[in-house]
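Numbered from 1 within each chain, the chains take letters A, B, ... in sequence-line order.
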Amino acid sequence: MLPWIVTLAAVAVSVWYGVRAYQAGRDAYAASARAELADRQARAAEARTLALTEEIRQLARKRIPAAATALSHRSAPVPGLREAGDVEGDAARLLSDAVQAARTAILEERGRVDAAARSAMRGTSAQIQSLLNQSQHLLHELQHEYDDPRILQLDFRNELALRRTQATAVLCDAWPGLARQNSPLVEIVLGAQSRVGGYERIRVANHLRQERLALVARAAEPLAIALAELMANATAYSHPDTEVPVTVQQTAGRGALVLVDDAGIGMDDDALKRARALLSGPSEVLLTELGDPPQTGFAVVGRLVARYGFTCHIEPSPYGGMRAMLRVPAHLLTVMDDDRTLSVLAPSPVHARPPGRDGGTAGGEARGDGTARSDDGHTPAGGDGDRDRGSDVRRAGPDVRRAASDVRRAGGATGGDAAGGAAGTAGPGRPAAPADPAPAAPAATTGFSGPAPAPALPSRRRRARLTAAPEAAGPARTGEEAEEAVLRTPERAGASWTALQRGTLDGRSATTPPASSTDDQGDDET
Amino acid sequence: MNPGPGRRLIPAYLVTGGRSAPSGPALDRLAVLIRTDTDLPTGTGAEQRRLCELLAPGALTVVECAAHLDLPAGATVFLATDLVASGHLRARPPIPRAGEIDRSLVERLLVGLRSLH
């Protein structure tokens, strides 16, 4: 029995040991595996840290500076993560967030600095603008007192400076600096032309259907500024020998369109895209984006487009350079009252010009709108020649005016005789075949002192156009004598005195040689 | 220093066409302008046309034209000089103011004439 027990115990012990040994072996294996795992994890962590460090280095040295550069240079590339696989999602996102935060901070700071610069320039340019306006006023007064053409040049320089200052102010979100009344569109275009260096190359063609089309007060000066900038671009970027055609026309939708063409160097695609972006009226234009020196032209137009509702488009021109089109919507347009006269410089509409207008006709016989247009410079659009005449004379003074009306009344009384013909048809044109050529005698000389029937003082006035040939003096005299009893008018007195003078001159010239010799002798004797 | 009644829209220097002085003999502001019978070419500017229309009924001085055109006399001279050069206007110098003749000059002239005989 005992050996069985011993054997059993030995087996049990050996099994126990076997189990222990097995367990120990398994533990050792697990430990080594754990150690290996830990080692691998440590290496991986180290690699991650290294990669993260590299990414942070990339962030600090490349990505943030590149992102900052890209804010001002849109085409600059912004690098991303170095190796996207090495950094897990969270870290990569946080790194990108860092770039974004840096961008936002830079943008905010840039906006703040730009706003500060703008407000500083706004204040300065407002003061300069006010000073230049004052000197312009003084120059305007000087021009009317002195004839020196250098004053005109000085005025031009002043205007150029004023345009630059005003454009800068507008770019800095300032008010245009002055308020106007409703102003005719043609005059605004001319005003814009006058603000540009090289304005003599600009040719304004007026294709308006309504000549008195005007801009409402609040949009008048802004349009002048915008057009001046477009014209300045056109003249600056085209050869000095080429012309810059400017066309003013009305669009179908009751708006108006101003085209500024040039035959210049044109623009490449990038510049064109940039210009269109500026002209579309972005909500904010930064001074720092305009280059050095700043190219303000399109930016200024863009500001005005955004604020006043114009539309501006630019495209290659059939003239070779660029064509800028500025459209004025109908709600900014109005029509001038009839009592406001247009400037003499305003070009007349090119269509529907009366056929005989070239010779300075459109006389007393009221040629419809021809007369009205030819007189727009100095009279309200009058009906007939008599009214034109009257308002012309009105400028010369009340005396003359009374004399004119007297003459006209006299002309009516005598039933359309020579004097009536002269006064009635002496509009700004040639009288249509006066019944009697007497008043058309050489009337170019000044002054007369015939005893007029009217109590008016003798004063200077315009007479009938110089049409009659000198040989008409003969019939003039007979006509004069026939009506001597009826009236004596200034024209008739002048004609008779002229005839007398001509007669005596003729007599003298016929006997010149003896007369001169006797004169000599006479002198000698005294 | 008051700024005056606003900024004028169209300045007078526009008629000079960028020149610093009139191209031609200087006209006095009292020079008399006379329209000739020539027709204006079609490309004539509005202001030159208006000046010719103004002168069609008779002669006026430069300064009177300036008043009618609402331009300074100095700018009107540019217009008139151009039209004189192109033959559409004639200009006559102003009549000089009649002054006292220097008596000593007349006496010397008389003495000279007598000494000729």
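Ion pair B/Arg8/A/Glu187 not flagged as a salt bridge, since none of the NZ, NE, NH1 or NH2 atoms sits closer than 4.0 Å to an Asp/Glu carboxylate oxygen.
Considering only heavy-atom pairs separated by less than 4.5 Å from chain A, the leading option among B/Ser20, B/Ala73, B/Ala21 is B/Ser20. Ranked by heavy-atom pairs shorter than 4.5 Å toward chain B, the options A/Gly191, A/Ala220, A/Ala192, A/Ser194 are led by A/Ser194.
Annotation for A/Asp147 and B/Gly74: closest pair OD1-N, 3.7 Å, computed over non-hydrogen atoms.
More than 12 non-hydrogen atoms from other residues, nucleotides or ligands lie less than 6.0 angstrom from CG of B/Leu105. Residue A/Glu145 places its CD atom among more than 12 non-hydrogen atoms of other residues, nucleotides or ligands, all under 6.0 Å distant.
Heavy atoms of A/Leu139 lying under 4.5 Å from chain B are absent altogether. Looking at A/Gln143, the atoms closer than 4.5 Å to chain B (heavy atoms on both sides) sit in the backbone and in the side chain alike. Interface remark: A/Glu221 contributes side-chain atoms only to the contact with chain B (heavy atom separation under 4.5 Å). Only the side chain of A/Tyr199 comes within less than 4.5 Å of a heavy atom in chain B; its backbone stays farther off. Heavy-atom distances place the backbone of A/Ala346, and not its side chain, under 4.5 Å from chain B.
The side-chain heavy atoms of B/Phe78 and A/Pro149, taken from C-beta on, include a pair separated by under 4.5 Å. Using a 4.5 Å cut-off on side-chain heavy atoms (C-beta onward), A/Leu190 and B/Leu9 make no contact.
Rounding to the nearest 0.5 Å gives a distance of 10.5 Å between CZ of A/Arg195 and CD1 of B/Ile10.
Scanning for salt bridge (charged side-chain N to carboxylate O under 4.0 Å, His left out) contacts around A/Arg203 gives A/Glu243, with sequence neighbours left out.
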